[in-house]
Amino acid sequence: LIDHKGIIEFLEIFLKYKYKLKNNYLKLIIIGNGPLLFECFEFCRKKKLSYEYNSKVCSPKNDLFFTGHLEDPMQIIDKCRLFVMPSFYEGLSNQLLEAIYSGIPIIASNCPGNRFVHTEISKENEDYIKSNFLKLLPSIRNIKIKKAWTKELIFYTKYFKKFRYENSNILINKFSSLENFPEWENIVKNILDI
């Protein structure tokens with residue numbers, strides 16, 4: 001949990017989302033550790049959001065769950081209804097690819113790495129993009145954009161109940177090492193031959 005991930009900014013959105021939906025909101029699970037973890041806890045305490053950290057059993061009375069570091073985040077992602085990635089910037093994100101692989105709907109920031117994945121998938125599978133399983137929104141920088149994120153969270157909560165995108169593993173094949181290794185191997189060979 002570091003600054004460029006947009007976690008604190010997203011917690012502000014989650015708070016508004018929770019109050020707008022009252023009892024029908026989705027719980028938030030934050031995967032990972034990092035320098036902002038205690039700042040997240042402090043935000044929750046100040047805003048009266050109930051949370052758990054690194055617990056084996058998640059209590060339904062809590063709003064948020066902080067998992068800490070996980071060797072296998074797919075065990076959590078596979079069970080979720082929605083994946084949210086509010087990062088201000090990303091390269092080729094493993095987390096985004098894992099979420100796509102799981103088939104769950106995704107709301108992510110329109111940063112270069114996420115935009116690259118979105119563009120590459122749309123070249124071969126426009127149906128996935130048009131079906132809103134991967135929605136890119138501007139990075140959370142101001143109140144107007146925060147309202148747009150809140151609106152999308154509400155939309156996905158109401159209309160994407162437990163949908164999964166079939167054959168989502170095909171979508172990320174082009175990002176796999178099997179697909180990309182020969183090209184990297186040629187690049188390395190060319191560098192070493194010089």
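The residues of the chain are indexed from 1 along the displayed sequence.
Side-chain contact between Pro35 and Leu1 is absent, with no heavy-atom pair separated by less than 4.5 Å. Side-chain contact between Ile145 and Leu137 is absent, with no heavy-atom pair separated by less than 4.5 Å. Residues Ile170 and Asn125 have side chains not in contact (no heavy-atom distance under 4.5 Å, counting atoms from C-beta outward). Contact annotation: the side chain of Tyr19 never approaches that of Tyr25 to less than 4.5 Å [non-hydrogen atoms, C-beta and beyond]. Residues Ile13 and Val84 are not in side-chain contact: their nearest non-hydrogen atoms beyond the backbone lie 4.5 Å or more apart. Under the 4.5 Å side-chain criterion, counting only non-hydrogen atoms from C-beta, Phe43 is in contact with Glu12. Contact check for Glu52 versus Ser59: side-chain heavy atoms found under the 4.5 Å cut-off. Taking 4.5 Å as the limit, some side-chain heavy atom of Phe10 sits within range of a side-chain heavy atom of Leu153.
Using modelled atom types, one side-chain atom of Asn190 and one backbone atom of Asn186 make a donor-acceptor pair closer than 3.5 Å. With Arg81 contributing its side chain and Lys161 its backbone, the two residues share a donor-acceptor pair below 3.5 Å. Between the side chain of Ser93 and the main chain of Gly113, no donor-acceptor pair closer than 3.5 Å is present. Under a 3.5 Å cut-off, the side chain of Tyr156 and the backbone N or O of Asn132 do form a donor-acceptor pair. At least one donor-acceptor pair closer than 3.5 Å links the side chain of Trp149 to the backbone N or O of Pro138.
One hydrophobic cluster, built from ILVMFWY side chains closer than 4.5 Å, holds both Leu92 and Leu96. Note on Phe38 and Tyr53: same hydrophobic cluster, where clusters join Ile, Leu, Val, Met, Phe, Trp and Tyr whose side-chain heavy atoms are under 4.5 Å apart, directly or indirectly. Residue Ile143 is not grouped with residue Ile154 when hydrophobic side chains (ILVMFWY) are merged at heavy-atom distances under 4.5 angstrom, including chains of intermediate members.
Ring geometry, His4 versus Tyr89: the interplanar angle falls under 30°, so the pair is classed parallel (tilted spans 30 to 60°). Phe155 and Tyr159 have tilted rings, their planes meeting at an angle from 30° to 60° on a 0 to 90° scale.
Separating the CG atom in Leu28 from the CG atom in Leu15 is a distance of 11.5 Å, to the nearest 0.5 Å. To the nearest 0.5 Å, the span separating OG on Ser109 from NZ on Lys5 amounts to 9.5 Å. Atom CD in Glu90 sits 6.0 Å away from atom CG in Asn114 (nearest 0.5 Å). Taking CG from Asp3 and OG from Ser87, the interatomic distance works out to 11.5 Å, rounded to the nearest 0.5 Å. Atoms CD1 and CD1, from Ile31 and Ile77 in turn, are 4.5 Å apart once rounded to the nearest 0.5 Å. The line from CD of Glu120 to CD1 of Ile172 is 14.0 Å long, rounded to the nearest 0.5 Å.
The neighbour count for Lys27 NZ, taken as heavy atoms of other residues, nucleotides or ligands under 6.0 Å away, is above 12. By the 6.0 Å contact criterion, CD on Gln75 is enclosed, its count of non-hydrogen atoms from other residues, nucleotides or ligands being greater than 12.
Relative to the six-membered ring of Phe88, Arg141 meets both conditions, a distance below 6.0 Å and an angle of at most 45° to the axis.
Of all heavy-atom pairs between Ile104 and Cys80, the closest is CG2-O, 3.2 Å. Contact detail for Gly6 and Pro86: the closest heavy-atom pair is O-CG, 3.7 Å. Of all non-hydrogen atoms in Ser168 and Tyr101, the two that sit nearest each other are OG-O, 2.5 Å.
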Which pairs would a plain distance check flag for residues 64-72, meaning a side-chain donor or acceptor within less than 3.5 Å of a matching protein atom at least two apart in sequence or in another chain?
residue, atom, partner, partner atom, Å
His69, NE2, Glu71, OE2, 3.1
Asp72, OD1, Met74, N, 3.2

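Scanning for ring pair (Phe, Tyr, Trp, His ring centres under 6.0 Å) contacts around Tyr17 gives Phe14, with sequence neighbours left out.
If you run side-chain hydrogen bond (donor to acceptor under 3.5 Å, both in side chains) between Lys18 and each of Asp63, Thr150, Asn24, only Asp63 comes through.
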Exercise. Hey, mind stepping through Leu134 and Leu171 against side-chain contact (heavy atoms from CB on, under 4.5 Å) and telling me if it holds?
Worked result: CA-CA 11 Å; Leu134 175 55; Leu171 297 171; over 6 Å; no
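Checked by atom type, the side-chain pair Tyr51/Arg45 shows a donor-acceptor distance below 3.5 Å.
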